[in-house]
Amino acid sequence: MAFTHQDTECMALALKLSQFGRTAVGANPMVGCVITLDGKIIAQDYHRFYGGAHAEVNALRHINHKGENTRVYITLEPCSHFGKTPPCSEALIKAGVKKVFIAMLDPNPLVSGRGIKILQDSGIEVEVGLLEKEANEINRGFIKRMQTGLPFVTSKIAMSLDGRTAMKNGESKWITSEASREDVQLLRSLNQAIMTGSGTIKSDNPMMTVRMEKEDSTPLRVVIDSNNAITDKSLNIFSSDAETLVLNNTNSEILPNGKLDLKLVLIKLGEMGINNLLLEAGSGLNGAMTEAGLIDEFIIYTAPLILGSDANPMIEIPLKKMSDKIKLNIVELSQIESDIKIRATVI
């Protein structure tokens with residue numbers, strides 16, 4: 001079907017609405033819903049918080065669940081099962097809606113398509129795929145966790161123009177501009193967990209929290225501590241600002257080399273409902289995650305500085321020949337004050 005301009009505008013609005021729930025929906029996907037009657041928008045809403053009503057039900061409330069002859073635009077296939085809330089497909093049927101536009105199918109292969117079938121079996125016309133690419137991008141973490149059990153992993157790196165992230169003695173404050181550091185706070189707020197290694201904790205004593213007045217986001221702090229080096233409970237990661245999970249050889253699987261099995265770490269985080277994980281670590285953990293193929297995306301803030309050959313590299317990974325190179329696809333390039341921000345996905 002060829003979607004109309006109005007159809008596209010309504011779904012674009014639904015996608016915009018969905019993102020208002022980004023810091024509150026937890027393990028759930030971000031979903032928005034727009035309802036029209038005779039070409040006019042009569043209701044709009046989104047999934048507001050984990051455990052709360054879904055976007056469709058919230059939108060239907062604005063019209064007292066009376067949806068005769070309406071067209072409904074939803075960014076994700078309506079659920080077809082009882083979870084923390086009743087199935088949204090049933091709510092749409094009871095409201096008497098005429099037609100439903102869906103951006104993307106439920107990424108869970110066990111339930112994908114069931115919500116659509118329930119709607120169609122009840123006589124509701126359904127169209128799928130309107131702004132599907134945009135919907136997939138918004139919920140990429142949820143999609144990956146549903147399909148693989150793993151969160152979507154973004155590695156944030158602040159480096160000099162010659163690819164260095166800290167001096168040899170560990171000194172790294174500050175490589176990038178204040179504006180870039182503020183941008184990192186926003187990046188943190190978009191993730192349910194922030195992960196680093198024990199080396200970073202010992203050298204920098206970071207807070208690993210979101211420090212933005214307008215963002216109510218408290219990502220889980222995750223520390224990879226293979227050698228049980230984190231014993232000082234006065235460290236900033238043990239503050240009451242957010243929860244902290246320290247993973248070591250007493251609570252995690254260890255590989256023959258004495259390091260934690262990082263894939264099993266991600267599986268554990270996925271089981272905890274973590275859709276998006278931000279890696280803010282040194283070159284060692286970044287290298288291990290890269291070598292294991294566990295990083296989906298890099299966001300690199302590059303400052304116009306030269307730190308020299310003795311400084312620490314952005315990634316420790318011993319590639320021996322050109323054929324071992326790791327290819328990236330640059331999807332976003334922007335300037336923040338004097339720094340260059342690069343967003344690149346792993347090919």
Side-chain angles (χ1 to χ4, degrees), residues 1-22 24-25 28-140 142-143 146:
M1 173 190 174
F3 299 111
T4 68
H5 179 68
Q6 185 184 43
D7 291 335
T8 302
E9 283 190 334
C10 288
M11 187 61 80
L13 174 58
L15 288 167
K16 183 177 180 180
L17 289 168
S18 73
Q19 295 176 78
F20 287 124
R22 64 189 181 188
V25 297
N28 288 348
M30 292 174 277
V31 184
C33 178
V34 170
I35 302 175
T36 68
L37 178 65
D38 298 329
K40 296 181 179 179
I41 295 174
I42 60 172
Q44 56 183 283
D45 219 311
Y46 60 98
H47 179 38
R48 293 173 174 267
F49 58 91
Y50 182 74
H54 291 183
E56 303 92 317
V57 173
N58 283 335
L60 286 169
R61 284 174 179 167
H62 293 289
I63 55 173
N64 297 317
H65 293 270
K66 299 184 186 303
E68 292 81 5
N69 296 316
T70 59
R71 295 157 75 97
V72 181
Y73 300 83
I74 315 167
T75 60
L76 179 68
E77 178 183 1
C79 61
S80 57
H81 60 282
F82 281 87
K84 291 185 177 295
T85 60
C88 294
S89 52
E90 296 295 337
L92 292 166
I93 294 168
K94 289 180 180 178
V97 305
K98 181 180 180 180
K99 187 170 184 176
V100 175
F101 294 82
I102 298 168
M104 59 173 283
L105 295 174
D106 189 321
N108 187 338
L110 298 178
V111 299
S112 181
R114 289 187 181 182
I116 291 173
K117 187 176 187 305
I118 290 172
L119 294 176
Q120 291 174 329
D121 288 347
S122 72
I124 296 175
E125 189 178 351
V126 180
E127 297 290 347
V128 182
L130 176 57
L131 299 185
E132 181 179 15
K133 181 180 178 181
E134 291 82 354
N136 273 272
E137 177 66 18
I138 287 172
N139 278 312
R140 62 188 187 179
F142 178 75
I143 294 168
M146 286 293 101

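Side chains are part of it too, since the values below use all heavy atoms of this structure and drop only hydrogens, waters and symmetry mates. Bear in mind the structure is a predicted one, so any value in this text is a computation, not a measurement.
Partners of Y46 under the ring-ring contact (aromatic ring centres under 6.0 Å, His included) rule, at least two apart in sequence or in another chain, are F20. Applying the side chain to side chain contact (heavy atoms under 4.5 Å, CB included) criterion to N108, with sequence neighbours excluded, gives D106, L110, V111, M146. Shown here are the side chain to side chain contact (heavy atoms under 4.5 Å, CB included) partners of F49, two or more places apart in sequence or in another chain: A24. The side chain to side chain contact (heavy atoms under 4.5 Å, CB included) check on E137 picks up R140, R343, with sequence neighbours excluded. Q6 is linked by a side chain to side chain contact (heavy atoms under 4.5 Å, CB included) to T4, C10, counting only residues two or more places apart in sequence or in another chain. Here E9 pairs with H5 under the side-chain hydrogen bond (donor to acceptor under 3.5 Å, both in side chains) rule; sequence neighbours left out. For the salt bridge (charged side-chain N to carboxylate O under 4.0 Å, His left out) test, residues two or more places apart in sequence or in another chain that qualify with D121 are K117.
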Less than 3.5 Å apart, which donor and acceptor atoms pair up between the side chains of residues 29-41 and the rest of the protein, not counting sequence neighbours?
none

Side-chain donor-acceptor pairs under 3.5 Å in residues 62-70, sequence neighbours left out?
residue, atom, partner, partner atom, Å
H62, NE2, D45, OD2, 2.7
T70, OG1, G67, O, 2.6

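Between I116 and V128, the closest side-chain pair of non-hydrogen atoms falls below 4.5 Å. Residues E125 and V100 have side chains not in contact (no heavy-atom distance under 4.5 Å, counting atoms from C-beta outward). Counting heavy atoms from C-beta outward, K99 and V126 have side chains that stay 4.5 Å or more apart.
A side-chain donor-acceptor contact under 3.5 Å links N136 to the backbone of E132. Side chain of E77 to main chain of G115: a donor-acceptor pair is present (N/O by atom type, distance under 3.5 Å, no hydrogens or angles).
In this structure, OG1 in T75 is found 8.5 Å from CE in M104, a value given to the nearest 0.5 Å. Atom CG of N28 is separated from atom CG of N139 by 10.0 Å, given to the nearest 0.5 angstrom. In this structure, CZ in F101 is found 11.0 Å from CD1 in I74, a value given to the nearest 0.5 Å.
A salt bridge (charged side-chain N to carboxylate O under 4.0 Å, His left out) check over residues 13-22, counting only residues at least two apart or in different chains, returns the pairs R22-E215.
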